[in-house]
Amino acid sequence: MERDLYFIAAKLLLRDGDKLLVTHDIFGDWDLPGGRIRMNEFETPIFDIIERKVQEELGTAVRYTLGKPVVTFRVERFEATLQKKVHIFAVGYEATYRGGEIILGEHHDDMKWVDVTTYDPAADFTGGWLKGLQEYFENLDGDS
């Protein structure tokens with residue numbers, strides 16, 4: 001039986017009270033802060049990888065408290081640099097926004113804070129990102 005190969009990513013479910021930050025990438029998709037682990041980061045603690053991604057995508061002034069992993073995502077997408085579809089397994093970590101100006105990095109062109117009590121992720125997300133966010137929102141019932 002053939003085995004699949006996955007890229008591994010860490011994503012932030014960055015909250016400010018009932019607000020969740022979603023970002024828009026330059027490829028035309030809504031996204032969550034965070035991203036893939038690099039080849040040279042095999043021995044790097046996951047918290048350091050997340051910090052690198054936050055600084056790249058949201059700027060160095062953003063302060064947050066990282067929580068525990070709460071959801072997983074399995075995503076298929078076309079990777080332009082490889083000219084093929086790839087699979088990504090991502091772990092979504094809770095995080096609490098503590099302040100600091102958000103300055104989007106070069107791969108993102110927009111962002112918004114959405115209300116977790118009313119937001120329908122199907123308005124912005126599809127595929128594995130949508131499935132993971134739907135699971136996250138279902139598990140929020142009574143928690144937010």
Side-chain angles (χ1 to χ4, degrees), residues 3-39 41-42 44-144:
R3 295 182 182 160
D4 199 1
L5 296 175
Y6 281 79
F7 288 97
I8 305 298
K11 291 290 188 173
L12 281 189
L13 296 150
L14 185 61
R15 297 267 305 269
D16 185 3
D18 282 342
K19 304 291 185 198
L20 172 72
L21 181 68
V22 294
T23 56
H24 189 266
D25 66 33
I26 60 173
F27 309 106
D29 297 315
W30 284 99
D31 195 7
L32 295 169
R36 287 183 263 174
I37 298 171
R38 292 178 176 163
M39 237 188 231
E41 292 178 319
F42 183 76
T44 304
I46 193 69
F47 305 109
D48 293 344
I49 295 168
I50 291 169
E51 177 65 17
R52 173 184 62 79
K53 290 304 298 181
V54 168
Q55 289 184 10
E56 287 175 2
E57 296 184 6
L58 304 179
T60 57
V62 171
R63 296 184 318 280
Y64 63 96
T65 301
L66 188 64
K68 62 184 178 187
V70 292
V71 69
T72 60
F73 305 87
R74 285 184 288 169
V75 176
E76 180 179 81
R77 64 173 262 190
F78 182 77
E79 183 69 30
T81 58
L82 299 175
Q83 288 297 298
K84 68 177 186 175
K85 284 186 180 177
V86 298
H87 290 156
I88 302 168
F89 180 82
V91 178
Y93 286 80
E94 287 183 315
T96 303
Y97 177 68
R98 298 286 180 215
E101 181 183 4
I102 295 174
I103 300 172
L104 294 176
E106 64 184 50
H107 292 119
H108 291 87
D109 57 12
D110 200 4
M111 61 173 238
K112 61 184 176 181
W113 290 95
V114 298
D115 189 325
V116 297
T117 64
T118 60
Y119 179 63
D120 177 8
D124 297 319
F125 292 90
T126 61
W129 297 125
L130 175 58
K131 287 179 185 176
L133 281 170
Q134 286 171 328
E135 180 183 329
Y136 172 70
F137 281 99
E138 287 169 11
N139 291 329
L140 285 180
D141 291 343
D143 292 346
S144 58

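In what follows, every heavy atom counts, from backbone to side chain, and hydrogens, waters and symmetry copies are set aside.
Looking at every heavy atom in both residues, A95 comes nearest to Y64 through CB-CD1, 4.3 Å. The two atoms that bring Y93 and G67 nearest to each other are CD2-O, 3.6 Å, heavy atoms only. The shortest heavy-atom contact between I46 and A10 is CD1-CB, 4.1 Å. Listed here is the closest heavy atom pair of P121 and L133: CB-CB, 4.0 Å. Here the closest heavy-atom approach between residue D31 and residue K11 is recorded as OD1-NZ, 2.7 Å. Closest approach of Y6 to R74, counting heavy atoms only: OH-CD, 4.3 Å.
Note that CG of L20 and CG of L14 are 7.5 Å apart. Values are rounded to the nearest 0.5 Å. In this structure, the separation between NE2 on H108 and CZ on F27 is 8.5 Å, given to the nearest 0.5 Å. Between E56 atom CD and H107 atom NE2 the span is 8.5 Å, to the nearest 0.5 Å. Rounding to the nearest 0.5 angstrom, the gap separating the CZ atom in R15 from the CG atom in L21 is 12.0 Å. Once rounded to the nearest 0.5 Å, the distance linking CD1 of I8 with CD1 of I37 reads 6.5 Å.
Crowding of L5 atom CG: a count of heavy atoms from other residues, nucleotides or ligands under 6.0 Å not exceeding 12. Counted within 6.0 Å of CZ on F78, heavy atoms from surrounding residues, nucleotides or ligands total more than 12; the atom is thus considered enclosed.
Side chain of E57 to main chain of G34: a donor-acceptor pair is present (N/O by atom type, distance under 3.5 Å, no hydrogens or angles). In this structure a side-chain-to-backbone donor-acceptor pair under 3.5 Å is present from R63 to R98. A donor-acceptor pair under 3.5 Å is absent between the side-chain atoms of K19 and the main chain of W113, judged by distance alone.
We find that E79 and R36 are joined by a salt bridge, their nearest charged nitrogen and carboxylate oxygen being less than 4.0 Å apart. Between D29 and R77 there is no salt bridge, since no side-chain nitrogen of the basic residue lies less than 4.0 Å from a carboxylate oxygen of the acidic one.
Side-chain contact check for Q55 and E51: at least one donor-acceptor pair (N or O, by modelled atom type) lies under 3.5 Å.
Taking the six-membered ring for Trp and the full ring otherwise, W30 and F125 have centroids separated by 6.0 Å or more.
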- Task: Would you check, one step at a time, whether the test side-chain contact (heavy atoms from CB on, under 4.5 Å) holds for F47 with L66?
- Result: CA-CA 8 Å; F47 305 109; L66 188 64; 3.0 Å; yes
